[in-house]
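A quick write-up on the structure given underneath.
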Amino acid sequence: MNDQWKYDLRDSLEAVEDLVRRVGLSPDEAERVRDVIARYPMRITPHVLKTIRYKDDPIWLQVVPTTEEMDISDDMQDDPLNEEGDMVVPHLVHRYPDRVLLFVTNQCPIYCRFCTRKRFVGSPGGTITPEAIDAVAEYIRSHAEIRDIIFSGGDPLLLVDPLLERILSTLRSIPHLEIIRIGSRVPGTLPSRITPELCAMLKKYHPLYMNLHFNHPNEITVEVAEACGRLADVGIPLGSQTVLLKGVNDDPDTMKQLMQKLLRIRVKPYYLYQADLVTGTQQFRTPVETGLNILRALHGHTSGMAIPRYVIDAPGGGGKITVVPPEFVLEMNSREVILKNYEDQVYRYPQVQQAPSGQGSYAPCGGAAPTEDSGRPIPVQRLPR
Ligand SMILES: *Cc1c(COP(=O)(O)O)cnc(C)c1O
Ligand code: SF4
(Lines give C-alpha, C1' and ligand atoms only; values in the text may rest on other atoms or scores of the structure.)
(Ligands and ions follow the chains in the order given, each with its own letter.)
Protein backbone atom coordinates (compact mmCIF):
# COMPACT_ATOMS: atom_id res chain seq x y z
CA MET A 1 0.00 0.00 0.00
CA ASN A 2 2.93 2.31 -0.51
CA ASP A 3 1.12 4.16 -3.27
CA GLN A 4 -1.58 5.11 -0.78
CA TRP A 5 -0.28 8.69 -0.72
CA LYS A 6 -1.05 9.09 -4.42
CA TYR A 7 -4.65 8.07 -3.80
CA ASP A 8 -4.79 10.39 -0.79
CA LEU A 9 -3.55 13.24 -2.93
CA ARG A 10 -6.06 12.42 -5.67
CA ASP A 11 -8.78 12.32 -3.04
CA SER A 12 -7.94 15.83 -1.83
CA LEU A 13 -10.41 18.71 -2.03
CA GLU A 14 -9.65 21.06 -4.90
CA ALA A 15 -12.95 22.29 -6.31
CA VAL A 16 -15.67 24.68 -5.16
CA GLU A 17 -18.08 21.73 -5.19
CA ASP A 18 -15.84 19.84 -2.72
CA LEU A 19 -16.30 22.67 -0.23
CA VAL A 20 -20.05 22.12 -0.37
CA ARG A 21 -19.96 18.32 -0.38
CA ARG A 22 -17.19 17.67 2.11
CA VAL A 23 -16.57 20.79 4.20
CA GLY A 24 -20.19 21.83 4.58
CA LEU A 25 -20.08 25.32 3.07
CA SER A 26 -23.42 26.49 1.69
CA PRO A 27 -23.52 26.70 -2.12
CA ASP A 28 -23.63 30.51 -1.79
CA GLU A 29 -20.57 30.65 0.46
CA ALA A 30 -18.69 28.29 -1.82
CA GLU A 31 -19.64 30.25 -4.93
CA ARG A 32 -18.12 33.39 -3.44
CA VAL A 33 -14.63 31.83 -3.42
CA ARG A 34 -14.78 30.48 -6.97
CA ASP A 35 -12.62 33.35 -8.29
CA VAL A 36 -10.22 33.00 -5.37
CA ILE A 37 -9.58 29.34 -6.16
CA ALA A 38 -9.11 30.14 -9.83
CA ARG A 39 -6.37 32.58 -8.87
CA TYR A 40 -4.89 30.78 -5.84
CA PRO A 41 -5.46 27.02 -6.01
CA MET A 42 -6.97 25.10 -3.10
CA ARG A 43 -5.96 21.65 -1.93
CA ILE A 44 -6.94 19.94 1.32
CA THR A 45 -5.74 16.39 1.91
CA PRO A 46 -8.08 13.85 3.52
CA HIS A 47 -5.76 13.86 6.54
CA VAL A 48 -6.01 17.62 7.01
CA LEU A 49 -9.78 17.54 6.43
CA LYS A 50 -10.05 15.07 9.32
CA THR A 51 -8.29 17.50 11.67
CA ILE A 52 -10.74 20.37 11.08
CA ARG A 53 -12.96 20.46 14.16
CA TYR A 54 -15.24 23.41 13.39
CA LYS A 55 -15.73 26.31 10.97
CA ASP A 56 -12.92 28.88 11.16
CA ASP A 57 -10.84 26.76 13.54
CA PRO A 58 -7.02 27.00 13.32
CA ILE A 59 -6.78 24.30 10.65
CA TRP A 60 -9.74 25.58 8.61
CA LEU A 61 -8.29 29.09 8.49
CA GLN A 62 -5.06 27.79 6.97
CA VAL A 63 -6.66 25.89 4.08
CA VAL A 64 -10.18 27.14 3.26
CA PRO A 65 -10.12 30.09 0.84
CA THR A 66 -11.77 33.43 1.67
CA THR A 67 -12.61 36.47 -0.44
CA GLU A 68 -10.12 38.51 1.64
CA GLU A 69 -7.39 36.93 -0.46
CA MET A 70 -8.44 39.20 -3.32
CA ASP A 71 -7.83 42.37 -1.27
CA ILE A 72 -4.89 44.45 -2.34
CA SER A 73 -2.88 46.80 -0.18
CA ASP A 74 0.07 49.11 -0.72
CA ASP A 75 2.23 47.26 1.82
CA MET A 76 1.75 43.89 0.18
CA GLN A 77 3.52 42.42 -2.87
CA ASP A 78 3.49 39.20 -4.87
CA ASP A 79 7.20 38.63 -4.15
CA PRO A 80 8.04 40.71 -1.08
CA LEU A 81 11.33 38.89 -0.41
CA ASN A 82 12.49 39.57 -3.98
CA GLU A 83 13.26 35.90 -4.56
CA GLU A 84 12.92 36.37 -8.32
CA GLY A 85 15.60 39.07 -8.08
CA ASP A 86 18.06 36.69 -6.39
CA MET A 87 17.39 33.84 -8.82
CA VAL A 88 20.75 32.99 -10.43
CA VAL A 89 19.54 30.18 -12.69
CA PRO A 90 15.95 28.98 -13.05
CA HIS A 91 14.71 27.45 -9.74
CA LEU A 92 17.81 28.52 -7.75
CA VAL A 93 17.92 31.47 -5.31
CA HIS A 94 21.38 32.52 -4.10
CA ARG A 95 21.09 35.21 -1.43
CA TYR A 96 23.43 34.24 1.41
CA PRO A 97 27.17 33.59 1.08
CA ASP A 98 27.30 29.83 1.69
CA ARG A 99 23.85 28.41 0.96
CA VAL A 100 21.21 28.33 -1.76
CA LEU A 101 17.49 27.69 -2.02
CA LEU A 102 16.13 25.41 -4.74
CA PHE A 103 12.49 25.40 -5.86
CA VAL A 104 12.10 21.80 -7.01
CA THR A 105 8.37 21.99 -7.63
CA ASN A 106 5.44 24.34 -7.14
CA GLN A 107 3.07 21.55 -6.04
CA CYS A 108 2.05 21.15 -2.38
CA PRO A 109 -0.04 18.70 -0.35
CA ILE A 110 -2.20 21.64 0.79
CA TYR A 111 -2.23 25.21 -0.42
CA CYS A 112 -1.80 27.36 2.66
CA ARG A 113 -3.80 30.53 2.26
CA PHE A 114 -0.97 32.60 3.82
CA CYS A 115 1.81 31.17 1.64
CA THR A 116 4.79 33.42 0.87
CA ARG A 117 4.97 31.79 -2.57
CA LYS A 118 1.29 32.31 -3.37
CA ARG A 119 2.49 33.84 -6.63
CA PHE A 120 3.50 30.48 -8.09
CA VAL A 121 2.33 27.49 -6.07
CA GLY A 122 -0.27 25.16 -7.54
CA SER A 123 -0.17 26.18 -11.20
CA PRO A 124 0.58 23.42 -13.73
CA GLY A 125 4.10 22.76 -15.01
CA GLY A 126 6.19 23.98 -12.11
CA THR A 127 8.30 20.89 -11.44
CA ILE A 128 12.01 21.00 -12.18
CA THR A 129 13.16 19.25 -15.38
CA PRO A 130 16.29 17.09 -15.74
CA GLU A 131 17.89 19.85 -17.86
CA ALA A 132 17.17 22.44 -15.15
CA ILE A 133 18.68 20.12 -12.52
CA ASP A 134 21.86 19.94 -14.58
CA ALA A 135 22.01 23.73 -14.89
CA VAL A 136 21.60 24.08 -11.11
CA ALA A 137 24.35 21.51 -10.49
CA GLU A 138 26.61 23.35 -12.92
CA TYR A 139 26.12 26.64 -11.05
CA ILE A 140 26.85 25.02 -7.68
CA ARG A 141 29.90 23.21 -9.07
CA SER A 142 31.37 26.52 -10.17
CA HIS A 143 30.67 28.20 -6.79
CA ALA A 144 32.87 26.48 -4.24
CA GLU A 145 31.56 28.72 -1.45
CA ILE A 146 28.17 26.97 -1.53
CA ARG A 147 28.17 24.30 1.16
CA ASP A 148 24.45 23.97 1.89
CA ILE A 149 21.34 23.62 -0.27
CA ILE A 150 17.70 23.77 0.77
CA PHE A 151 15.12 21.99 -1.35
CA SER A 152 11.94 23.99 -1.18
CA GLY A 153 9.05 24.96 -3.40
CA GLY A 154 6.30 24.08 -3.31
CA ASP A 155 6.95 20.85 -1.49
CA PRO A 156 9.91 18.63 -2.47
CA LEU A 157 8.35 15.53 -0.94
CA LEU A 158 5.57 15.61 -3.55
CA LEU A 159 8.09 14.53 -6.18
CA VAL A 160 8.02 10.83 -6.91
CA ASP A 161 10.96 8.92 -5.43
CA PRO A 162 12.96 8.52 -8.69
CA LEU A 163 12.91 12.25 -9.51
CA LEU A 164 13.76 13.25 -5.94
CA GLU A 165 16.59 10.73 -5.93
CA ARG A 166 17.87 12.02 -9.26
CA ILE A 167 18.21 15.52 -7.78
CA LEU A 168 19.78 14.21 -4.56
CA SER A 169 22.34 12.04 -6.34
CA THR A 170 23.27 14.75 -8.86
CA LEU A 171 23.94 17.26 -6.10
CA ARG A 172 25.65 14.74 -3.79
CA SER A 173 28.32 14.30 -6.47
CA ILE A 174 29.52 17.88 -5.76
CA PRO A 175 32.27 17.55 -3.13
CA HIS A 176 31.98 21.02 -1.58
CA LEU A 177 28.22 20.72 -1.03
CA GLU A 178 28.35 19.58 2.57
CA ILE A 179 24.72 19.38 3.60
CA ILE A 180 21.33 19.02 1.96
CA ARG A 181 18.15 20.22 3.59
CA ILE A 182 14.54 19.58 2.63
CA GLY A 183 11.75 21.94 3.68
CA SER A 184 8.39 20.18 3.72
CA ARG A 185 4.82 20.31 4.92
CA VAL A 186 4.19 16.73 3.78
CA PRO A 187 4.82 14.83 7.06
CA GLY A 188 2.24 17.04 8.78
CA THR A 189 -0.40 17.00 6.04
CA LEU A 190 0.08 13.85 3.94
CA PRO A 191 1.78 11.44 6.35
CA SER A 192 1.14 8.43 4.06
CA ARG A 193 3.83 9.88 1.75
CA ILE A 194 6.52 9.02 4.31
CA THR A 195 6.89 5.43 3.15
CA PRO A 196 9.63 3.03 4.27
CA GLU A 197 10.91 3.13 0.65
CA LEU A 198 11.21 6.93 0.72
CA CYS A 199 13.04 6.80 4.05
CA ALA A 200 15.42 4.10 2.80
CA MET A 201 16.20 6.21 -0.26
CA LEU A 202 16.73 9.45 1.69
CA LYS A 203 19.12 7.89 4.16
CA LYS A 204 21.64 7.28 1.37
CA TYR A 205 22.19 11.02 1.03
CA HIS A 206 23.30 12.04 4.51
CA PRO A 207 24.03 14.53 5.95
CA LEU A 208 20.40 15.32 5.14
CA TYR A 209 18.28 17.59 7.34
CA MET A 210 14.57 18.35 7.20
CA ASN A 211 12.65 21.38 8.37
CA LEU A 212 8.96 20.65 8.66
CA HIS A 213 6.17 23.19 8.58
CA PHE A 214 3.77 23.12 11.56
CA ASN A 215 1.54 25.91 12.84
CA HIS A 216 -0.86 24.42 15.40
CA PRO A 217 -0.82 21.60 17.98
CA ASN A 218 -3.91 20.00 16.35
CA GLU A 219 -1.72 19.21 13.32
CA ILE A 220 0.22 16.68 15.38
CA THR A 221 -1.88 13.53 15.06
CA VAL A 222 -0.88 9.91 15.66
CA GLU A 223 -0.24 9.44 11.92
CA VAL A 224 1.93 12.56 11.81
CA ALA A 225 3.90 11.48 14.86
CA GLU A 226 4.54 8.10 13.22
CA ALA A 227 5.62 9.71 9.93
CA CYS A 228 8.10 11.94 11.76
CA GLY A 229 9.31 8.91 13.70
CA ARG A 230 10.08 7.06 10.45
CA LEU A 231 12.18 10.01 9.25
CA ALA A 232 13.97 10.39 12.57
CA ASP A 233 14.66 6.65 12.64
CA VAL A 234 16.71 6.89 9.43
CA GLY A 235 18.83 9.56 11.07
CA ILE A 236 17.34 12.71 9.57
CA PRO A 237 17.50 15.57 12.11
CA LEU A 238 14.08 17.22 12.07
CA GLY A 239 13.45 20.91 12.68
CA SER A 240 10.26 22.93 12.48
CA GLN A 241 9.22 26.17 10.86
CA THR A 242 6.13 27.98 12.04
CA VAL A 243 4.43 31.08 10.67
CA LEU A 244 2.88 33.41 13.21
CA LEU A 245 -0.75 33.69 12.05
CA LYS A 246 -3.66 35.66 13.41
CA GLY A 247 -6.43 33.37 14.65
CA VAL A 248 -4.26 30.28 14.26
CA ASN A 249 -1.39 30.47 16.73
CA ASP A 250 -1.05 34.09 17.86
CA ASP A 251 -1.18 33.36 21.57
CA PRO A 252 1.48 32.10 23.97
CA ASP A 253 -0.42 29.03 25.19
CA THR A 254 -1.03 27.63 21.71
CA MET A 255 2.55 28.27 20.71
CA LYS A 256 3.98 26.68 23.85
CA GLN A 257 1.82 23.59 23.33
CA LEU A 258 2.92 23.37 19.70
CA MET A 259 6.62 23.63 20.52
CA GLN A 260 6.43 21.08 23.34
CA LYS A 261 4.40 18.68 21.18
CA LEU A 262 6.97 19.01 18.38
CA LEU A 263 9.77 18.01 20.74
CA ARG A 264 7.78 14.93 21.74
CA ILE A 265 7.71 13.78 18.11
CA ARG A 266 11.46 14.49 17.79
CA VAL A 267 11.11 17.74 15.87
CA LYS A 268 13.31 20.55 17.20
CA PRO A 269 11.77 24.04 16.83
CA TYR A 270 13.88 26.08 14.41
CA TYR A 271 12.16 29.20 13.07
CA LEU A 272 9.09 31.21 14.00
CA TYR A 273 8.39 33.56 11.09
CA GLN A 274 6.72 36.91 11.24
CA ALA A 275 4.20 36.82 8.36
CA ASP A 276 5.65 38.11 5.10
CA LEU A 277 4.02 41.01 3.26
CA VAL A 278 2.42 38.82 0.59
CA THR A 279 -0.53 40.06 -1.47
CA GLY A 280 -3.69 38.26 -0.37
CA THR A 281 -2.50 37.36 3.13
CA GLN A 282 -3.24 40.60 5.00
CA GLN A 283 -5.90 38.89 7.14
CA PHE A 284 -3.22 36.74 8.85
CA ARG A 285 -0.94 39.57 9.96
CA THR A 286 -0.13 40.19 13.61
CA PRO A 287 1.81 43.03 15.27
CA VAL A 288 5.48 42.16 15.92
CA GLU A 289 4.70 42.75 19.59
CA THR A 290 2.56 39.55 19.48
CA GLY A 291 5.65 37.53 18.55
CA LEU A 292 7.73 39.22 21.23
CA ASN A 293 5.11 38.39 23.84
CA ILE A 294 5.18 34.75 22.76
CA LEU A 295 8.96 34.71 23.21
CA ARG A 296 8.59 36.31 26.65
CA ALA A 297 6.15 33.54 27.57
CA LEU A 298 8.52 30.81 26.38
CA HIS A 299 11.96 31.99 27.55
CA GLY A 300 12.72 30.56 30.97
CA HIS A 301 9.21 29.20 31.38
CA THR A 302 10.00 26.20 29.22
CA SER A 303 13.16 24.54 27.93
CA GLY A 304 15.43 26.36 25.52
CA MET A 305 14.95 23.27 23.34
CA ALA A 306 11.34 24.38 22.79
CA ILE A 307 12.18 27.92 21.69
CA PRO A 308 12.39 28.73 17.97
CA ARG A 309 14.22 31.74 16.61
CA TYR A 310 11.74 34.49 15.82
CA VAL A 311 12.67 36.08 12.51
CA ILE A 312 11.46 38.76 10.18
CA ASP A 313 12.42 38.10 6.59
CA ALA A 314 13.31 41.63 5.56
CA PRO A 315 11.12 43.02 2.77
CA GLY A 316 13.08 43.50 -0.46
CA GLY A 317 15.42 40.56 0.06
CA GLY A 318 17.43 41.56 3.13
CA GLY A 319 17.16 38.06 4.51
CA LYS A 320 16.09 36.73 7.88
CA ILE A 321 16.73 38.93 10.90
CA THR A 322 16.37 37.51 14.41
CA VAL A 323 14.17 39.48 16.77
CA VAL A 324 14.31 39.17 20.58
CA PRO A 325 12.51 41.10 23.31
CA PRO A 326 14.72 44.17 23.73
CA GLU A 327 14.61 44.18 27.53
CA PHE A 328 16.52 40.86 27.74
CA VAL A 329 19.63 43.05 27.45
CA LEU A 330 18.84 46.26 29.34
CA GLU A 331 22.25 47.78 28.84
CA MET A 332 25.71 46.87 27.60
CA ASN A 333 29.02 48.69 27.95
CA SER A 334 32.67 47.72 28.27
CA ARG A 335 32.36 47.20 32.03
CA GLU A 336 29.11 45.27 32.33
CA VAL A 337 26.00 43.86 30.76
CA ILE A 338 22.67 44.40 32.49
CA LEU A 339 20.23 41.56 31.88
CA LYS A 340 16.64 40.83 32.79
CA ASN A 341 15.50 37.26 33.47
CA TYR A 342 12.12 35.61 32.91
CA GLU A 343 10.93 36.63 36.38
CA ASP A 344 11.70 40.29 35.61
CA GLN A 345 14.70 40.27 37.94
CA VAL A 346 17.69 42.32 36.85
CA TYR A 347 21.24 40.89 36.86
CA ARG A 348 24.67 42.35 36.24
CA TYR A 349 27.31 40.42 34.31
CA PRO A 350 30.77 42.03 34.59
CA GLN A 351 32.75 42.14 31.34
CA VAL A 352 36.21 40.68 31.13
CA GLN A 353 38.94 43.29 31.74
CA GLN A 354 40.17 44.41 28.30
CA ALA A 355 43.85 43.89 27.44
CA PRO A 356 45.36 47.33 26.63
CA SER A 357 46.85 46.29 23.25
CA GLY A 358 43.58 44.96 21.96
CA GLN A 359 45.05 41.47 22.29
CA GLY A 360 42.32 39.23 23.53
CA SER A 361 39.62 41.78 22.92
CA TYR A 362 36.60 40.11 21.50
CA ALA A 363 33.41 41.41 19.95
CA PRO A 364 30.37 39.68 21.42
CA CYS A 365 27.62 38.64 19.03
CA GLY A 366 25.35 41.39 17.80
CA GLY A 367 28.32 43.55 16.87
CA ALA A 368 28.19 45.47 20.12
CA ALA A 369 31.96 45.43 20.56
CA PRO A 370 33.42 47.08 23.65
CA THR A 371 34.44 50.62 22.81
CA GLU A 372 37.62 52.54 23.67
CA ASP A 373 35.66 54.88 25.96
CA SER A 374 35.30 52.42 28.74
CA GLY A 375 32.07 52.63 30.60
CA ARG A 376 30.10 54.52 27.99
CA PRO A 377 26.78 52.78 27.53
CA ILE A 378 26.10 51.23 24.17
CA PRO A 379 22.53 52.15 23.26
CA VAL A 380 20.06 49.30 23.20
CA GLN A 381 16.89 49.84 21.18
CA ARG A 382 13.70 49.68 23.23
CA LEU A 383 10.13 49.23 22.18
CA PRO A 384 7.25 50.42 24.36
CA ARG A 385 5.62 47.56 26.23
C1 LIG B 1 15.76 31.03 4.61
C2 LIG B 1 16.64 31.03 3.46
C3 LIG B 1 17.81 30.28 3.47
C4 LIG B 1 18.25 29.43 4.64
O5 LIG B 1 18.46 30.19 5.79
P6 LIG B 1 19.01 29.48 7.12
O7 LIG B 1 19.01 30.59 8.10
O8 LIG B 1 20.35 28.95 6.80
O9 LIG B 1 18.04 28.39 7.46
C10 LIG B 1 18.62 30.33 2.34
N11 LIG B 1 18.30 31.07 1.27
C12 LIG B 1 17.18 31.81 1.24
C13 LIG B 1 16.88 32.63 0.04
C14 LIG B 1 16.31 31.82 2.33
O15 LIG B 1 15.18 32.54 2.30
S1 SF4 C 1 3.12 23.90 1.91
FE2 SF4 C 1 4.57 25.62 2.03
S3 SF4 C 1 4.95 26.26 -0.09
FE4 SF4 C 1 3.10 24.98 -0.06
S5 SF4 C 1 1.39 26.40 0.14
FE6 SF4 C 1 1.93 25.76 2.21
S7 SF4 C 1 3.39 27.33 2.91
FE8 SF4 C 1 3.26 27.50 0.67
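One-based numbering, in listed order, for ligands and for the atoms of each. We number each residue from 1, following the sequence as shown. Source: prediction; values computed, not measured.
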Next on the checklist: One pair to check against side-chain hydrogen bond (donor to acceptor under 3.5 Å, both in side chains): Asn106 and Ser123. What are the steps and the verdict?
Outcome noted: CA-CA 7 Å; Asn106 69 344; Ser123 53; 3.1 Å; yes
Next on the checklist: Please classify the Lys320 to ligand 1 contact at 4.0 Å (heavy-atom distances, strictly less than): side chain, backbone, both or neither.
Outcome noted: side chain
Checklist entry - Closest non-hydrogen protein atom to atom 8 (O) of ligand 1, residue and atom name please, with distance? => result Arg99 NE, 2.6 Å
Checklist entry - What protein heavy atom sits nearest atom 4 (C) of ligand 1, and how far off is it? => result Ile150 CD1, 3.2 Å
Next on the checklist: Using modelled atom types and a 3.5 Å cut-off, is there a donor and acceptor pairing between side-chain atoms of Asp98 and backbone atoms of Arg147?
Outcome noted: no
Checklist entry - For Tyr40, is the NZ or CZ atom of Lys118 found under 6.0 angstrom from the centre of its six-membered ring and inside 45 degrees of the ring axis? => result yes
Checklist entry - Using a distance-only test with no angle check, is there a side-chain donor-acceptor pair under 3.5 angstrom linking Thr302 and Gln260? => result yes
Item to check | Exam field: side chain Thr322 to backbone Val311, donor-acceptor pair closer than 3.5 Å | outcome: no
Checklist entry - Where does the angle between the aromatic ring planes of Tyr273 and Tyr271 fall among parallel (under 30°), tilted (30 to 60°) and perpendicular (over 60°)? => result tilted
Checklist entry - Distance only, no hydrogens: is a donor on one side chain within 3.5 Å (strictly under) of an acceptor on the other, for Gln62 and Glu219? => result yes
Checklist outcome for this item: Atoms listed for atom 4 (Fe) of ligand 2 (protein only, N, O or S, under 2.8 Å, no waters) are Cys108 SG
Checklist entry - Looking only at N/O atoms, are Tyr271 and ligand 1 under 3.5 Å apart anywhere? => result yes
Checklist entry - Which ligand 1 atoms does Val93 reach within 4.0 Å, using its non-hydrogen atoms? => result 13 (C)
Checklist entry - Below 4.0 Å from any atom of ligand 1, is there a heavy atom belonging to Arg181? => result yes
Checklist entry - Would Thr116 and Asp276 count as having a side-chain donor-acceptor pair, cut-off 3.5 Å? => result yes
Next on the checklist: Below the 3.5 angstrom mark, is there an N/O of Tyr96, backbone or side chain, next to an N/O of ligand 1?
Outcome noted: no
Checklist entry - Any sub-3.5 Å donor-acceptor pair from Asn293's side-chain atoms to Thr290's backbone N or O? => result no
Item to check | Closest non-hydrogen atom pair, Val36 against Glu69 | outcome: CG1-OE1, 3.6 Å
Item to check | Tyr270 N/O to ligand 1 N/O under 3.5 Å | outcome: yes
